[in-house]
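Notes to accompany the following structure.
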There are 2 protein chains.
Amino acid sequence: MHAVLLQELKKHINLTADEEELITTSFRHKKVRKGQFLVQPPDIALYEHFVVSGCLMEYYLDDNGTQHTLIFAPERWWTTDLNSFLKKEESRYYIEALEDTELLVVTREALDKLLKEIPLLNNYFRILYQNAIMGLEERILNVLSSKVEERYLRFLKKYPQLENRLPQYLIASYLGVTPEFFSRVKSRIHR
Amino acid sequence: MHAVLLQELKKHINLTADEEELITTSFRHKKVRKGQFLVQPPDIALYEHFVVSGCLMEYYLDDNGTQHTLIFAPERWWTTDLNSFLKKEESRYYIEALEDTELLVVTREALDKLLKEIPLLNNYFRILYQNAIMGLEERILNVLSSKVEERYLRFLKKYPQLENRLPQYLIASYLGVTPEFFSRVKSRIHR
DNA sequence: ATGACATCTTAAACTAGGTTAAGTTCCTTT
DNA sequence: AAAGGAACTTAACCTAGTTTAAGATGTCAT
């Protein structure tokens, strides 16, 4: 169970057996069913979530009730409402399980302690965040400079596992268009 | 000169005199005039840039020659083409001085060394990157869920110093609209 | 099997924002 | 002071994406 997490960490940093033990005891195992919420505004986001199997999504619900997807988090992805988790402020983003999902979660306190005891972990998270920044920057440029067609093709590259696991209206929400228009675009592509 | 940088670092971490000295010698001072480029594709981004005075912008030039602004970096902001800087790959984003600007710059090698010698710095950068992520996420949601009017008002909140320092067409490019349409929006607001 | 509800498709009418183009104001350089 | 160019405005026309609505298909619990 924790092996997947340790493996992921070891992509970027080395860990002693003691450190692995410490990490294992700091992360708690959690199982949720499809449709369950892990974060729901205005609750404070209690955990940073690491997905072992299944898939989560993080989204914002605007004043018209439209859902805007920030990210999908399938296997080996991290997600939380970062602002809420770090500052203990009210969350603004929903995190919902799109499938039955197994997670490892860590509280803010446990993570702080962990970062103090294993300073090298700062390194791991620095790299994780750097990658997140590059991904988000690319996404902004996508939205600003590309038509839906092209954005869809990039979605397929970024999440090749997800194309057939997700309902289309969620992909539409990730791309920032209505399901109706997305349907039109798809049929345009396939001809 | 380096005092501004040290002050910024000390917002999040404590430093000994020795460490301050080390940082001061690792960052080099650089002065550029309005219009100069600090990163220009396909050159590799040599430095992480910290702005002491003046203002930089980072943007992407799409296939039609349209300029899309990723961020503005006025006083006390950091910027670089992160992907290029970290992986030594060809840069894709331009970084240009919008005013005569004074900077402190650090190479990848010097920064790596610094992070090894002062592990606490990982902490500072982790926090910096976390903040960047929150800002970028918010920007994505803005583009996806808000009309230009509202995006403009948020720009004003995020960069209150810049409204009167920048030409309008750059603000339009940050908002993701044409200068013509932005002009229309502004006159609509003022009535 | 049946009903109930969610998802997907198509199409017509509409709107935010883009494009083109002409005119105006402001800055710079001489 | 004059000329030239960059930045800003306005307006007419165009297009990508939205809205509304209806019908078709799928899926799940009973």
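Labels below follow one simple rule: chain letters A, B, ... track the order of the sequence lines, proteins then strands, and each chain is numbered from 1.
- Among the atoms of the strands shown, none is found under 4.0 Å from any heavy atom of B:Val185.
- Here B:Arg188 does not reach the OP1 or OP2 of D:dT10: none of its side-chain N or O atoms lies under 4.0 Å away.
- For B:Ser183, taking side-chain heavy atoms from C-beta onward, the closest of the listed nucleotides C:dT19, C:dG17, D:dT10 is D:dT10.
- Judged by distance alone, with hydrogens and angles left aside, the side-chain atoms of B:Ser145 form no donor-acceptor pair with the main-chain N or O of B:Asn142 at under 3.5 Å.
- Relative to the side chain of A:Ser187, the nucleotides D:dT18, C:dG18, C:dT10 differ in distance, and C:dT10 lies closest.
- Set against D:dT9, C:dA12, C:dG17, the side chain of B:Glu180 has D:dT9 as its closest nucleotide.
- Taking the six-membered ring wherever Trp is involved, the centroid distance between the rings of A:Phe27 and A:Phe50 does not fall below 6.0 Å.
- Residue A:Tyr169 is in sugar-phosphate contact alone, with no base atom involved, counting any heavy-atom pair closer than 4.0 Å across all strands shown.
- Proximity note for B:Gln168 (side chain, C-beta onward) versus C:dA16, D:dA7, D:dT9: the nearest is D:dT9.
- Each of B:Glu149 and A:Arg184 was assigned the nucleotide of DNA chain C with the nearest heavy atom; the assignment lying further toward the 5' end belongs to A:Arg184.
- Atom CZ in B:Phe181 sits roughly 14 Å away from atom C1' in D:dT15 (whole-Å rounding).
- Using a 30° and 60° split on the angle between ring planes, B:Tyr94 and B:Tyr59 fall in the parallel class, below 30°.
- Between B:Tyr129 and A:Phe125, the distance separating the two ring centers is not shorter than 6.0 angstrom.
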